[in-house]
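Worksheet: one structure, shown below.
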Number of protein chains: 2
Amino acid sequence: MREIRAGLADVARRAGVSPATASRVLSGSGPASAASRAAVLAAAGQLGYQPHPVARRLARGTGTRVVFAVRDDRADILLDPFVTRATAAMAAALDPYDIGVSLRRIGLECAADLEDLAADRGLAAVVLAGHDRALLSCLPSGLRGRTAAIGAGGADVDSAAGVGALLTHLYAAGRRRIALVAGPSWLASSAPPVAVYTELTRAAEMPTRVVRGDFTSDKGRTAARAILDRWPDTDAIASVSDATALGVLQTLADAGVRVPDDVAVTGFDDIPLAGAAHPALSTATHPVEQIAAAAARAALGEAAPIALFPSTPVFRATA
Amino acid sequence: MREIRAGLADVARRAGVSPATASRVLSGSGPASAASRAAVLAAAGQLGYQPHPVARRLARGTGTRVVFAVRDDRADILLDPFVTRATAAMAAALDPYDIGVSLRRIGLECAADLEDLAADRGLAAVVLAGHDRALLSCLPSGLRGRTAAIGAGGADVDSAAGVGALLTHLYAAGRRRIALVAGPSWLASSAPPVAVYTELTRAAEMPTRVVRGDFTSDKGRTAARAILDRWPDTDAIASVSDATALGVLQTLADAGVRVPDDVAVTGFDDIPLAGAAHPALSTATHPVEQIAAAAARAALGEAAPIALFPSTPVFRATA
DNA sequence: CTGTTAGCGCCTTCAT
DNA sequence: ATGAAGGCGCTAACAG
């Protein structure tokens, strides 16, 4: 059925126009009369023409893949569920564009890494995560215009709203000594939840009890222990990650603290297993896949680079 | 510092050889005298030469990305942790090869989808998951030699060994009415665990109680309910997925069944949250990342296409 | 072992 | 609006 692959020249010949005209029509850009446009389109259809993605990108000088660069100093960060979910979402979202995704960790001091990225002519664009305030504003010139960020300053969840709703709920339920397990301080996205938390505790004249975590359940365990030691009268622990909250729950259970009777607990992300925990975790949603897809498209210039995605609270048993 | 990008021609000129010779040296293939090899390498180093991945692949006729094609009929399968972990692992493993990863779902009846893949000239290779017995042996000719599979017949975890160890442990602990929540029957990888289970129950003259699941915790909940209804004297439930096992635990807790006193529970995968469950889940390891990376390299012809990765039991509180 | 000569398949000035 | 021609950067077949 299918003989040799039809190329642009074949389409042009069949449509009775030059390859240049066929190219203009099929690549969407450039002028063409209605007549030749129709002829080219018809010929392409009949021949089942499909452009060669690699040739196209070589000629255009654009690359064929997007690198998801995750800035972190932990070697195993690429195993983090946030990273894997985002990577997969981008890999699915960019499939129709004939663009593949690569995943790479870059260090906290990443100037050299960014230069490497800028030097790679195979790259179509870069998606950055784990950045801090300064990074985005001093990208290598080769990356400008083809870089998007996930997190503060880029495509991000409205964590202030999500965490805010959870904290408000805790307050309304009578909790007055609420501790927060926040994200690492070097991460730009850690700031908004801390800000709403601080605002609330100030306004309500509650003590401010912030412990830094890193979104892992390990850190949740140690953070809970620290909170119990340092502020034994704490009656609620809010975390900015479900994994962390599950670690918190574990430590509380081991310590014989009843949840939510003695201490209420909230997470963030609404991972599938949040509802399967005992007791079921109260949390707020985090549309990671949508955010990642939006960032990937933004990096390609197909979407707005900066967008805030809603987070809504999900109340289950722990708060 | 960096003027215009150095190309192969620049390297050749500087080394005093022809572009062809430079190409032979730098692309690793083809003969070259020690002298010219050294000269080319030196020139390349001085010029900071880096090959243009896209041009290289166009000339070679190989594609620039690998598609991870997941065969399943559930629309949300691409959100499955197994899929996201595998995708990310491939995206990281193929980064050094200048190859990106795309993620795509294909239907159970996927002949047409496979033809699409074979027709895409931008593709370097395909990694397949969710296949059944027949699929691998009747791939489109265009995909032969550049396809690898994750699961039975490709790169896979030794689930027979892992599940076997868990079952043996249950038996040794005195469990005599063990139920199995298996994978879907259309999936090739579902077979080995069922085989070891059946072998054990036969040999030990225990009842055979198999319920089909789909690796989700939802299915774990309904499966546990079905088991409780149908075989109320069951004293152990083994699942082939941790998520499923967590669902089982939930249903058992709701039903007032004590774990492990009344019913022992085991999972499979050893996901990070397995240890954070209450009670902590006994399970067996599943090196998804290694498997996915191996499959991706195999698809590119850089590794053996078929390999079995070890699974070791992890005993915690539920069994 | 090496250099020359064609491509790979498409895009894009540049005239017309 | 269109066609001709050159280029994107590298590789592979073919002589030598």
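Here OG1 of B/Thr62 is found 13.5 Å from CZ of B/Arg121. Values are rounded to the nearest 0.5 Å. The distance from atom CD1 of A/Ile291 to atom CZ of A/Phe82, rounded to the nearest 0.5 Å, is 6.5 Å. Here the OG atom belonging to B/Ser102 is positioned 7.5 Å from the CG atom belonging to A/Leu94, to the nearest 0.5 angstrom. Rounded to the nearest 0.5 Å, atoms CG (B/Leu41) and CG (B/Leu26) are 6.5 Å apart. If you take OG on A/Ser18 and CG on A/Leu8, they are separated by 9.0 Å, rounding to the nearest 0.5 Å.
One finds a salt bridge joining B/Asp214 and B/Arg74 here, because a Lys/Arg side-chain nitrogen approaches an Asp/Glu carboxylate oxygen to under 4.0 Å. B/Asp98 has a carboxylate O that lies under 4.0 Å from a charged side-chain N of A/Arg65, or vice versa, which qualifies the two as a salt bridge.
Across all strands shown, B/Ser33 has heavy atoms under 4.0 Å from sugar-phosphate atoms exclusively, and none from any base. Contact annotation for B/Leu58: base contact, defined as any heavy-atom pair under 4.0 Å involving a base atom. Residue contacts for B/Gly61: at a heavy-atom cut-off of 4.0 Å it reaches no nucleic acid atom on any strand shown. In this structure, B/Ala32 reaches the sugar-phosphate backbone alone: every heavy-atom distance under 4.0 Å involves primed, P, OP1 or OP2 atoms, never a base.
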Please determine whether side chain to side chain contact (heavy atoms under 4.5 Å, CB included) holds for the pair B/Leu123 and B/Leu117, giving the CA-CA distance in whole Å, both sets of side-chain angles, and the decisive distance to 0.1 Å. CA-CA 8 Å; B/Leu123 250 60; B/Leu117 286 170; 3.7 Å; yes
side-chain hydrogen bond (donor to acceptor under 3.5 Å, both in side chains) between B/Thr87 and B/Thr84, intermediate numbers included: CA-CA 5 Å; B/Thr87 304; B/Thr84 59; over 6 Å; no
Check step by step if side chain to side chain contact (heavy atoms under 4.5 Å, CB included) holds for B/Asp80 and B/Asp72. CA-CA 11 Å; B/Asp80 183 280; B/Asp72 204 297; over 6 Å; no
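Residues B/Arg60 and B/Arg37 both approach DNA chain C. Their nearest nucleotides, taken by heavy-atom distance, put B/Arg37 toward the 5′ side. Taking for each of B/Ala59 and B/Ala35 the nucleotide of DNA chain C with the nearest heavy atom, the 5'-most of the two is the partner of B/Ala35. Heavy-atom nearest nucleotides on DNA chain D were determined for B/Tyr49 and for B/Arg24, and the one closer to the 5' end corresponds to B/Tyr49.
The stretch residues 50-57 of chain B comes close to DNA chain D through B/Pro51, B/His52, B/Ala55, B/Arg56, each having a heavy atom under 4.0 Å from the strand.
Note that the first and last nucleotides of DNA chain D, 5' to 3', having any atom under 4.0 angstrom from a heavy atom of chain B are D/dG9 to D/dA13. Nucleotides of DNA chain C that come within less than 4.0 Å of any heavy atom of chain A span, from the 5' end to the 3' end, C/dG9 to C/dT12.
The closest donor-acceptor contact from the side chain of B/Arg297 to the backbone of B/Ala292 lies at 3.5 Å or more, if one exists at all.
Taking five base pairs at each end of the helix from C/dC1-D/dG16 to C/dT16-D/dA1 and finding the rotation axis that steps the C1' atoms of four pairs onto the next four gives two axes whose angle is 30°, to the nearest 10°.
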Atom pairs and distances, donor-acceptor, side-chain atoms in residues 301-311 of chain B, under 3.5 Å, two or more places apart:
unit_1   : atom_1 : unit_2   : atom_2 : d
B/Ser311 : OG     : B/Thr285 : O      : 2.7

Could you pull out every donor-acceptor pair under 3.5 Å between side chains of residues 124-133 of chain A and any protein atom, sequence neighbours left out?
unit_1   : atom_1 : unit_2   : atom_2 : d
A/His131 : NE2    : A/Ala152 : O      : 2.6
A/Asp132 : OD1    : A/Ala134 : N      : 3.3
A/Asp132 : OD1    : A/Leu135 : N      : 3.1

